[in-house]
Amino acid sequence: MGFVLYNTLSASLEEFVPINPPQVNIYTCGVTVYDNSHVGHGRSLIVFDVFRRYLEKLGYRVKFVRNFTDIDDKIINKANEEGKDFMSIANRYIASYYLDMEAINVKPANVEPRVTEHMEEIIALISKLIEIGKAYESDGDVYFSIDSFKDYGKLSKRSPEELEAGARIEPSSKKNNPLDFALWKASKSHEPGWESPWSYGRPGWHTECVAMIFKHLGETIDIHAGGIDLVFPHHENEIAQAESITGKPFARYWMHNGLVTVGGKKMSKSLGNFVTLKDIYTKYHPDVLRLLVLFTHYRSPLDFSFEKMEETKKAYERLKSAVEDIEPLKAIAKEGNPVLNIDFYSLEKTTQEQFYKALSEDFNTSLALAHVFNAVGELNRTKTESFKVGYITPKELEGYIFLANSLKQTLKDIFGLLEENTLSTTLKTLEPASSINISTEFLEILINARNLAKENKDFKVADFIRDELLKQGIKLEDTKAGTIWKKL
RNA sequence: GGCGACGUGGCCGAGAGGCGAGGCGCGGGACUGCAAAUCCCUUUUACAGCGGUUCAAAUCCGCUCGUCGCCUCCA
């Protein structure tokens, strides 16, 4: 099944055609591990996690590589502040990152390379660039000469002339052209570094991804992905290096997600307007964040707020209960005249078709969700009407379950929602200790006691039990088929 | 200053020449001991403004206004 994707390089929609189907090689720029990940990183990770799941669902054999930048000035600064070794900082935030990924249910990449484990490849790459006249050594540093690459600017659609006109680039006496970028930076003796033909030093940021892609994925990859803020200079500079060496396109498709903003301004460390992923998943079910991200097309900006989290939470609960809370309906199953005459099987078919069609048009998760919510409305309508008349026919129930399970499976497989096992275990370790631990058995007793009170019209007692349980984070809902409880 | 994107109903958010996606909210109703949840109805001159192309424009073209991003580390 084919699909269309927006390619930043051509600035247009293109039919996706892999180089060696069914193999699809994807590289996405990971994080620099000097602090906890925030919602901005989370969006990118979730978008490409879902995209990767989608490809796998379509039957592609996906090799997904996401790196760690574990040597960088910001890591060194942090290490100096804390009086620690840079590697211990990097390791700490890699551990933090893995916890976040598990909590928000982002699948591990097939390869998660670290820059510090690829020094040989990086040095070889730089040597090659010098050898072919694309880079030059200058006082222990090595720079890429952008004048040597005629296509410089093709991804970000700007010319070196325009960039120079910007004139915000610090002129460096070491560079031939102010736009030249560092492939290798000499380190001071107290700073971390590696021996190289040019100096004791460390790699520049843009070099690592090229070296790791060549090693793990090859000279031309299918998809290179990342946040739109990486287009210039990072991805532009990657293209310059890679294509100077191979003479071949570095990536067939360049995919960039829109940024997360707060009150219209980019969420970033420097502005201090960020919300960490831990802030989110210690307060909300991580599915709420995933749903929030997927409600917006991946290329549009996404303005984050806790108000929006609350709205999304409501939508999520409606969705979840429609596909999961089937027991009360089962309890009232019996023969009779069908209540609504909904053909759940054809509804399932059209919903699935529309869902995949939406994703095939530049990965429109927002539109795909609209179709899901249409089906959710039908499921809930069935519930409401069935409870009203007091029964559901076994045939209708079977149809309901068929549609509900189908939706649930799709949401689980592709959107990574409604997953029971993986994240709950992680969350328990982070949850602040609940004031009271109520066992399911004891809860049943309380519910029975309350129902007894209701039968005796002792509503004060009944409401007291309900209110007290709510304070403990357990919500009771009375249905025709009995009382159900939910953990908030 | 240069380059790029965007401006859709109460709010959020898809769509991209002719059918008012979807989510949240407000109001009314059904159900309920009361809630909650759910459903139904309503919110129907929605597409920044002004021109133009067209039988037909939110969608294409031009100009204007506004917001944001990139040009420096950034998902």
Side-chain angles (χ1 to χ4, degrees), chain A residues 11 28-32 34 37-48 66 69 72-74 153 156-159 161-170 179 205 225-234 236 256-261 264-271 291-292 295-297 299-303 305 307-308 310-319 321-322 325 328 354 358 361 364-374 376-388 454-455 457-460 462-463 466-467 470 475-480 483-484 486:
Chain A
T28 158
C29 293
V31 290
T32 301
Y34 74 107
S37 299
H38 60 61
V39 174
H41 304 117
R43 181 188 194 188
S44 192
L45 291 159
I46 290 167
V47 162
F48 296 119
R66 184 172 47 216
T69 299
D72 162 275
D73 288 357
K74 277 176 292 197
S156 54
K157 321 290 176 224
R158 52 189 106 190
S159 64
E161 296 76 50
E162 288 165 3
L163 287 163
E164 282 179 57
R168 297 225 328 239
I169 300 137
E170 285 173 41
L179 296 178
W205 179 38
I228 197 162
D229 54 347
L230 295 183
V231 171
F232 191 90
H234 188 54
E236 195 73 68
H256 294 102
N257 65 277
L259 301 179
V260 173
T261 57
K265 293 267 190 289
K266 177 177 174 177
M267 181 181 283
S268 69
K269 286 291 295 174
S270 47
L271 286 174
L291 196 61
L292 175 71
F295 259 135
T296 305
H297 184 91
R299 289 196 283 120
S300 301
L302 167 53
D303 199 53
S305 69
E307 290 72 32
K308 214 174 254 181
E310 286 298 323
E311 285 178 13
T312 308
K313 186 182 172 186
K314 284 176 184 158
Y316 174 67
E317 278 165 1
R318 189 164 144 255
L319 169 70
S321 113
D325 297 348
Q354 290 169 324
E361 290 163 359
N364 195 333
T365 54
S366 182
L367 185 57
L369 277 173
H371 297 306
V372 171
F373 273 92
N374 275 324
V376 164
E378 289 300 286
L379 289 174
N380 282 333
R381 204 155 64 86
T382 304
K383 264 189 188 172
T384 300
E385 294 305 316
S386 298
F387 286 132
K388 203 172 275 182
K454 275 169 67 186
E455 276 173 40
K457 309 255 182 248
D458 191 349
F459 298 119
K460 269 189 184 163
D463 290 349
R466 188 172 62 194
D467 292 345
L470 191 62
K475 191 164 101 177
L476 298 189
E477 289 176 15
D478 295 329
T479 74
K480 277 252 169 75
T483 304
I484 59 168
K486 285 177 180 171

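Here is the naming used below: chain letters follow the sequence lines, and residue numbers restart at 1 for every chain.
As rounded to the nearest Å, B:A75 and B:U38 have C1' atoms that lie 39 Å from one another. Spacing of C1' atoms, B:C31 relative to B:A21, comes out at 29 Å, to the nearest Å. Across B:G7 and B:C47, the matching C1' atoms stand 10 Å from one another, rounded to whole Å. When the C1' atom is used for both B:C34 and B:U67, the distance is 48 Å, rounded to whole Å. If you take atom P in B:A48 and the same atom in B:G2, they sit 25 Å apart, rounded to whole Å. Comparing B:A16 with B:U59, their C1' atoms sit 4 Å apart, to the nearest whole Å. With both ends at atom C1', the span from B:A35 to B:A30 equals 16 Å, rounded to whole Å. On the C1' atoms, B:G15 is 35 Å away from B:G1, given to the nearest whole Å.
Distance from the side chain of A:L367 is smallest for B:A14 among the nucleotides B:A75, B:A14, B:C39. Of all nucleotides listed (B:A75, B:A21, B:C40), B:A75 comes nearest to the side chain of A:V31. Taking only side-chain atoms of A:N380, from C-beta outward, the nucleotide of B:C12, B:U38, B:A75 with the closest atom is B:U38. Which of B:C70, B:G13, B:A75 sits closest to the side chain of A:H41 comes down to B:A75. Which of B:C73, B:G69, B:C71 sits closest to the side chain of A:F232 comes down to B:C71. With B:C70, B:G69, B:A75 as the candidates, the nucleotide lying closest to the side chain of A:R158 is B:C70. In this structure, the nucleotide among B:C68, B:A75, B:A21 sitting nearest to the side chain of A:K265 is B:C68. The side chain of A:K475 lies closest to B:A36, out of B:A36, B:A75, B:A14.
With A:H41 contributing its side chain and A:H38 its backbone, the two residues share a donor-acceptor pair below 3.5 Å. Between the side chain of A:R43 and the backbone N or O of A:G258, at least one donor-acceptor pair lies under 3.5 Å. Looking at A:K486, its side chain never comes within 3.5 Å of a backbone N or O of A:S321 through a donor-acceptor pair. At distances below 3.5 Å, at least one donor-acceptor pair connects side-chain atoms of A:K308 with backbone N or O atoms of A:D303. A:Q354 contributes no side-chain N or O that, together with a main-chain N or O of A:H371, makes up a donor-acceptor pair within less than 3.5 Å.
Put simply, CG on A:N364 is 14 Å from C1' on B:G23, counting in whole angstrom units. Counting to the nearest Å, the P atom of B:G22 and the CG atom of A:L319 are 15 Å from each other. Distance NE2 (A:H371) to P (B:G22): 10 Å, rounded to an integer number of Å. B:A36 atom C1' lies 11 Å from atom CG of A:D467, rounded to whole Å. A:K269 places its NZ atom 18 Å from the P atom of B:C73, with the value rounded to the nearest Å. Atom CG in A:L379 sits about 15 Å away from atom C1' in B:A37, given to the nearest Å. A:K308 places its NZ atom 15 Å from the C1' atom of B:G10, with the value rounded to the nearest Å. Spacing between atom CG of A:N374 and atom P of B:C39 amounts to 12 Å, rounded to whole angstrom units.
A:F295 has its ring centre no less than 6.0 Å from the ring centre of A:Y316.
Within 4.0 Å (heavy atoms only), A:G226 reaches sugar-phosphate atoms of the nucleic acid but no base atom. As judged by a 4.0 angstrom heavy-atom cut-off over every strand, A:G42 is placed among residues making no nucleic acid contact. As judged by a 4.0 angstrom heavy-atom cut-off over every strand, A:S270 is placed among residues making no nucleic acid contact. Using a 4.0 Å heavy-atom distance criterion, A:L230 is classed as a sugar-phosphate-only contact. Contacts of A:V260 with the nucleic acid, taken as non-hydrogen atoms under 4.0 Å apart, include base atoms.
Residues passing the ring-ring contact (aromatic ring centres under 6.0 Å, His included) test with A:Y34, sequence neighbours excluded: none. A:R318 pairs by the salt bridge (charged side-chain N to carboxylate O under 4.0 Å, His left out) definition with nothing, not counting sequence neighbours. Evaluation of the ring-ring contact (aromatic ring centres under 6.0 Å, His included) rule for A:H234 yields A:W205, A:H206 as partners, not counting sequence neighbours. Taking A:E317 as the reference, nothing meets the salt bridge (charged side-chain N to carboxylate O under 4.0 Å, His left out) condition, with sequence neighbours excluded.
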Given protein heavy atoms under 4.0 Å, the one-letter contact record of nucleotides 24-35 of chain B, with B base, S sugar-phosphate only and - none, is simply SS----S--BBB
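Rounded to the nearest 0.5 angstrom, A:L259 CG and A:S300 OG are separated by 11.5 Å.
Residue-to-nucleotide proximity on RNA chain B shows that, of A:P233 and A:G258, the 5′-proximal contact is made by A:P233. Nearer the 5' end of RNA chain B, as judged by each residue's closest nucleotide, is the contact made by A:G377, out of A:G264 and A:G377.
Annotated stems with RNA chain B as a participant read B:1-7 with B:65-71, B:10-12 with B:22-24, B:27-30 with B:38-41, B:48-52 with B:60-64, given as range with range, by first number; only runs of 3 or more Watson-Crick or G-U pairs under 3.5 Å qualify.
OP1 or OP2 of B:C70 has at least one side-chain nitrogen or oxygen of A:K266 nearer than 4.0 Å. For B:G15, neither phosphate oxygen OP1 nor OP2 lies less than 4.0 angstrom from any side-chain nitrogen or oxygen of A:S366.
Residues A:T296 and A:P301 approach most closely at CG2-O, 3.8 Å, considering heavy atoms.
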